[in-house]
S.K.: 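Structure below; questions to follow.
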Amino acid sequence: MTVYAIIGGTGLTQLEGLTLKDSLPLDTPYGAPSASIQCGDYAGREVLFLARHGHPHRFPPHQVNYRANLWALKQAGAEAVLAVNAVGGIHAAMGSGHLCVPHQIIDYTWGREHTYFEGDIDHVTHIDFSHPYDETLRQRLIGALCELGLPHSSHGVYAATQGPRLETVAEIARLERDGCDIVGMTGMPEAALARELELPYACLSLVVNPAAGKSSGIITMEEIEQALHEGIGKVRDVLARVLAG
Ligand code: HPA
């Protein structure tokens, strides 16, 4: 059976229901991952769990050691990665609480350690990234969302922004013109690093606020926390359904 790794984002620093067997404080050639990797049984199968921002939440999106995280998961035996992220909604369909399984991503981040191919390497590898998410994994997520009867979008373009600040109204208007549907700060370089390690990767995005300019007011942390609080149970249900399948 495929060993799944779950990367939990904001609001998902622990996987409730995980029967913990081991906690691996792995070090990697790229430094330490955000937290120890929790290994255990979840929904009847072996699962690895990593809190992207640390546990407790310590690393903002631009300071997450994405390379160490993916490397450590691979070392721990991960064969596929399901990533969870909180996002802002750009498209009108992406209201707070909505779930989206993106099919494309545009990378607007900068200055992050974004590749394993650097330094003294004997070959330069240009990975194919035409379709950044693994279609089989995406379909598993979509299947679980359908079985649970949860409203969702089975496609969406994820805009990965640098953060930690939220965007301006003009920036969101530009992302919309670029064809982006949701915006978050953790989608990249995570997806590309997984591809470099040949780890199938897909993500489940929970909309926690209308993006800048998409509502009449400003964006508050309170509304984000409230939406996370209300939505994270659905995320857990979807993950459990995928893993049980
Ligand atoms: N923008 C970027 N990242 C986010 C947002 C947003 O509006 N909401 C949650 N993560």
Side-chain angles (χ1 to χ4, degrees), residues 6-13 34 50-66 69 82-112 114 132-133 141 151-153 156-192 201-236 238-239:
I6 294 171
I7 301 181
T10 307
L12 193 70
T13 49
S34 300
L50 176 61
R52 182 187 288 116
H53 300 281
H55 179 57
H57 197 297
R58 284 194 294 156
F59 303 105
H62 62 295
Q63 287 179 332
V64 169
N65 190 338
Y66 296 94
N69 284 355
L82 296 172
V84 175
N85 13 48
V87 295
I90 300 176
H91 191 281
M94 306 288 175
S96 285
H98 196 69
L99 290 161
C100 177
V101 184
H103 72 295
Q104 279 292 332
I105 191 163
I106 302 181
D107 189 4
Y108 300 94
T109 68
W110 47 269
R112 299 183 180 191
H114 65 286
Y133 301 109
L141 288 167
H152 64 276
S153 297
V157 179
Y158 182 122
T161 55
Q162 177 67 0
R165 66 166 177 84
L166 296 166
E167 298 72 32
T168 66
V169 171
E171 285 168 339
I172 292 297
R174 172 194 168 201
L175 300 186
E176 190 167 26
R177 288 194 299 276
D178 284 355
C180 299
D181 301 299
I182 51 177
V183 55
M185 301 174 192
T186 54
M188 286 293 280
E190 200 173 86
Y201 175 99
C203 78
L204 177 61
S205 298
L206 170 66
V207 180
V208 292
N209 60 280
K214 294 293 170 188
S215 71
S216 51
I218 60 163
I219 302 166
T220 65
M221 282 312 291
E222 290 72 30
E223 75 171 293
I224 291 181
E225 275 156 22
Q226 178 72 20
L228 269 174
H229 180 70
E230 286 169 14
I232 212 69
K234 292 187 283 186
V235 169
R236 289 182 202 280
V238 174
L239 293 175

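Counting starts at 1 for both ligands and their atoms, in listed order.
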S.K.: Name the atoms and distances for all side-chain donor-acceptor pairs under 3.5 Å in residues 208-216, with sequence neighbours left out.
M.R.:
from	atom 1	to	atom 2	distance (Å)
K214	NZ	E176	OE1	2.7
K214	NZ	E176	OE2	3.2

S.K.: Output, or 'none' if empty, a list of ligand 1-protein atom pairs in which both atoms are N or O and the distance is under 3.5 Å, rounded to 0.1 Å.
M.R.:
from	atom 1	to	atom 2	distance (Å)
ligand 1	1 (N)	E167	OE1	2.7
ligand 1	1 (N)	E167	OE2	3.3
ligand 1	7 (O)	N209	ND2	3.0
ligand 1	8 (N)	G88	N	3.3
ligand 1	8 (N)	N209	OD1	2.6
ligand 1	10 (N)	A86	O	3.4

S.K.: Hey, are the side chains of Q162 and R112 touching, using non-hydrogen atoms and a 4.5 Å cut-off?
M.R.: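 Yes. Closest side-chain heavy atoms under 4.5 Å.
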S.K.: Side chains of T161 and E167: is there a donor and an acceptor less than 3.5 Å apart?
M.R.: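 The answer is yes; a qualifying pair exists.
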S.K.: Among residues at least two apart in sequence or on other chains, which ones pass ring-ring contact (aromatic ring centres under 6.0 Å, His included) with H55?
M.R.: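 In terms of ring-ring contact (aromatic ring centres under 6.0 Å, His included), with neighbours along the sequence ignored, H55 is linked to no residue.
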S.K.: Determine the minimum heavy-atom distance between A160 and I105, stating which atoms define it.
M.R.: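 Shortest heavy-atom contact: CB-CD1, 4.3 Å.
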S.K.: Run the ring-ring contact (aromatic ring centres under 6.0 Å, His included) test against H103 and tell me which residues pass, sequence neighbours left out.
M.R.: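 Partners of H103 under the ring-ring contact (aromatic ring centres under 6.0 Å, His included) test: H155.
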